[in-house]
Amino acid sequence: MSAPSAVAALSLPKTSESENLLKIRHSMSHVLAMAVQKLFPKAQVTIGPWTENGFYYDFDNPEPFTEADLKAIKKEMGKIIGRRLPLERLVVSREEAEARIKAQNEPYKLEILAGITEPISLYTLGEDWWDLCAGPHVANTSELNPKAFELESVAGAYWRGDETKAQLQRIYGTAWETPEQLAEYKRRKEEALRRDHRRLGSDLDLFSIEDEAGAGLVFWHPRGARTRLLIEDFWRQAHFDAGYELLYTPHVADLSLWKTSGHLDFYSESMFGPMQVDERQYQLKPMNCPFHVLTYASTLRSYRELPIRWAELGTVYRYERPGVMHGLMRVRGFTQDDAHVFCLPDQITGEIVRILDLTEQILSMFDFKTYEINLSTRPEKSIGDDAVWDLATNGLIEALERKGWAYKIDAGGGAFYGPKIDLKIEDAIGRMWQCSTIQLDFNLPERFDLEYVAADGTRQRPIMIHRAIFGSLERFFGIMTENYAGDFPFWLAPEQIRLLPVTDEVRPYAEQLLARFKAAGVRASIDCSGDRLGKLIRNGEHMKIPVLAVIGAKEAETNQASVRSRRDGDLGPMDQQTLLEATERANRERLLSPFAALG
RNA sequence: GCCCUUGUAGCUCAGUGGUAGAGCACUCCCUUGGUAAGGGAGAGGUCACGAGUUCAAAUCUCGUCAAGGGCUCCA
């Protein structure tokens with residue numbers, strides 16, 4: 001059985017949740033650095049912090065480290081641990097620290113020293129190695145388990161995270177209290193690999209990215225397209241029900257539109273270049289907002305019309321730098337589930353609550369039910385006056401309070417044009433993904449001079465809210481695929497039932513059953529390969545078809561099918577009518593499985 | 001864009017300078033078989049692309065493109 005949430009028995013604390021792991025990992029990075037400097041005397045040390053699952057250390061070394069180097073380094077680390085070396089904290093004066101660092105010829109450490117304040121501490125590791133460090137650490141390397149750590153990879157990283165500065169060699173490692181924890185960690189990594197949407201995308205024939213077409217451009221194959229369409233249908237219906245209207249807008253438009261919007265000034269690096277058509281320059285759209293704004297401005301609006309809620313599955317193209325593309329998660333052409341709400345100032349809170357409700361309704365349909373919410377407030381560089389910012393920010397806060405959702409405040413983290421709410425979802429293996437965003441915008445209505453006629457006949461500026469729930473269909477599809485490990489819920493499966501005829505004699509019966517499924521809107525097929533049943537089952541399971549229906553002489557005689565469900569196991573023979581009704585209902589009610597209620 | 005690694009059949013990969021390989025998938029034949037691979041035969045590749053070195057390049061060198069692990073970026 002491969003239930004979507006095959007979780008581990010052994011709990012694995014994060015570093016931030018365990019003082020002991022923090023010490024182990026931090027000390028491990030020192031052991032790593034000591035080992036590297038022993039084997040590579042030219043390597044200069046920089047920083048070596050813990051991460052949530054392990055640690056890393058950045059070195060400046062003339063030669064990049066190889067896989068073979070990692071093995072040697074790991075062995076050396078084992079030796080250091082075996083020597084049961086004490087780690088001791090020394091508080092020193094700035095002068096002494098400087099002298100010690102200079103004696104070692106470690107320019108990066110000198111730079112770090114210049115940036116820290118007293119007390120200045122360093123940690124020794126045995127007699128002959130030490131590192132400038134705030135700690136804390138274990139007292140002795142005997143507290144480190146040589147069988148519970150691993151060096152994972154080597155990667156490039158910039159000094160101080162600044163791409164204009166030197167590129168260093170970063171060695172990543174992981175360390176745990178026990179070998180059992182390490183084994184569990186490795187199992188989870190493999191689980192993540194098994195769920196990788198890029199692998200599932202090709203195994204299940206969902207989508208591909210073609211070299212000849214270019215990086216970051218997605219080809220949706222029939223199976224992926226079918227599931228995407230089901231997501232879109234659900235999304236559209238939910239939006240109509242929530243009081244939205246849908247728009248279609250062009251993919252290109254006159255460049256001047258992007259001058260007016262301001263994108264040309266601060267976003268041009270992320271845009272595909274303009275194209276000359278006749279006497280005008282056109283721009284492939286990197287976002288939908290200006291189009292919705294133009295639609296708003298196409299006629300004079302009354303306050304009675306507000307709020308206006310417009311949504312669009314809008315396909316946009318953005319120039320992403322080579323090397324940043326990643327499967328469906330980061331692409332150059334993608335479809336946003338974009339919407340814009342134009343409303344009166346006193347409608348903000350109500351509209352935000354409606355958006356949060358809709359977001360919850362839509363995300364929970366894909367079994368994302370745990371959220372992490374961030375409210376980002378006014379940054380230093382921003383436009384608009386205080387009163388509007390206060391009104392808007394308080395509106396967001398009140399909406400969150402009314403919804404009863406816990407949230408964190410990212411002070412000063414908002415866009416220059418307005419405050420925002422970001423929502424992260426947690427997937428089946430505990431990873432967080434940011435998809436949904438709600439942003440207030442004081443900029444575009446100003447730039448496009450949007451107005452409505454108020455009750456007193458004066459012209460007023462509407463409040464504009466941007467929001468996306470999936471963010472991008474591509475990215476969400478990737479996250480959802482990994483969340484389900486490719487085992488889509490029944491209602492989303494591109495192929496829902498595969499009929500497996502045991503012999504050719506029962507083909508006519510299978511054809512007749514197939515016709516009934518199709519008439520009922522159930523996505524069924526027959527495996528006509530002529531292979532033996534064992535092979536048919538195997539192929540069906542590999543493609544993660546939710547329901548396999550075995551049809552042999554017995555079933556043909558009794559108007560039945562023997563049902564094998566990925567989620568519910570072998571259910572034995574079932575009447576045609578029962579099966580039809582259960583599957584049709586599962587589609588209508590968008591169920592995970594047609595058989596849960598039968599159990 | 002930067003560092004490292006990789007690119008061979010639809011997929012997963014082997015092949016270290018001398019005529020291109022395997023398993024699965026595909027096509028055909030035999031088999032009509034009851035819950036995770038029945039047997040046989042066949043077809044399928046400009047070894048990512050371009051240049052260079054060499055009598056000879058999948059193999060060595062350089063460049064381009066793309067992918068993977070990271071960094072940076074993702075208003």
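Both backbone and side-chain heavy atoms feed into the values below; hydrogens, waters and symmetry mates do not.
- Nucleotide B:C4 holds its C1' atom 17 Å from the OH atom of A:Tyr56, rounded to whole Å.
- A:Asp338 has no carboxylate O lying under 4.0 Å from a charged side-chain N of A:Arg467, or vice versa, which leaves the two without a salt bridge.
- The pair A:Lys74-A:Glu150 meets the salt-bridge criterion, since a charged nitrogen lies less than 4.0 angstrom from a carboxylate oxygen.
- Take the nearest nucleotide of RNA chain B for A:Gln169 and for A:Ala155: the residue whose nucleotide is more 5' is A:Gln169.
- OP1 or OP2 of B:A25 sits under 4.0 Å from a side-chain N or O of A:Lys535.
- The pair A:Glu184-A:Arg188 counts as a salt bridge, with a side-chain nitrogen and a carboxylate oxygen less than 4.0 angstrom apart.
- For the pair A:Tyr172 and B:C71, the criterion of a side-chain N or O lying under 4.0 Å from OP1 or OP2 is met.
- The side chain of A:Ala157 approaches B:C71 more closely than any other nucleotide in the set B:U32, B:C71, B:A36.
- Atom name C1', nucleotides B:A25 and B:U12: the rounded distance is 11 Å, in whole Å.
- Of the candidates B:G34, B:A36, B:C4, the closest approach to any side-chain atom of A:Pro64 belongs to B:C4.
- Each of B:A36, B:G1, B:C74 was ranked by its minimum atom distance to the side chain of A:Glu163; first place goes to B:G1.
- Between A:His326 and the phosphate of B:G69, there is a side-chain N or O to OP1/OP2 separation shorter than 4.0 Å.
- Of the candidate nucleotides B:G34, B:U32, B:U35, B:G34 has the atom lying nearest to any side-chain atom of A:Ala553.
- Closest to the side chain of A:Arg538, from the set B:A37, B:G69, B:G1, is B:A37.
- B:C4 and B:U8 have their C1' atoms separated by 22 Å, given to the nearest Å.
- Shown here is A:Glu210, whose CD atom has more than 12 heavy atoms of other residues, nucleotides or ligands within 6.0 Å.
- Across all strands shown, B:C62 forms a Watson-Crick or G-U wobble pair with B:G50, both key distances being under 3.5 Å.
- Spacing between B:G34 and B:C26 at atom C1', rounded to whole Å, works out to 26 Å.
- Taking OH from A:Tyr371 and CG from A:Leu363, the interatomic distance works out to 5.0 Å, rounded to the nearest 0.5 Å.
- Across B:C60 and B:G17, the matching P atoms stand 8 Å from one another, rounded to whole Å.
- Of the candidates B:G34, B:C73, B:A36, B:G34 carries the atom nearest the A:Leu533 side chain, counting heavy atoms from C-beta on.
- As rounded to the nearest Å, B:C71 and B:G10 have P atoms that lie 34 Å from one another.
- With a 3.5 Å ceiling on both atom-pair distances, the Watson-Crick or G-U wobble partner of B:C55 is B:G18.
- Checking B:A67 for Watson-Crick or G-U wobble geometry (two distances, each under 3.5 Å) identifies B:U5 as its partner.
- In this structure, of B:C3, B:A75, B:G33, it is B:A75 that holds the atom nearest to the side chain of A:His263.
- Taking the charged nitrogens against the carboxylate oxygens, A:Arg160 and A:Asp162 have no contact shorter than 4.0 Å, which rules out a salt bridge.
- Regarding contacts with the backbone of B:G34, every side-chain N or O of A:Arg532 stays at 4.0 angstrom or more from both OP1 and OP2.
- For A:Ala215, counting side-chain heavy atoms from C-beta on, the closest listed nucleotide (B:A75, B:G1, B:A66) is B:A66.
- Nearest nucleotide to the side chain of A:Ser562, out of B:G33, B:C71, B:U35: B:U35.
- The base-pairing partner of B:C28, taking Watson-Crick or G-U wobble contacts with both distances under 3.5 Å, is B:G40.
- The separation between A:Leu500 atom CG and B:A37 atom P is 14 Å, rounded to whole Å.
- If you take CD of A:Glu210 and P of B:A48, they are 17 Å apart, rounded to a whole angstrom.
- The side chain of A:Val550 lies closest to B:U35, out of B:U35, B:G1, B:C71.
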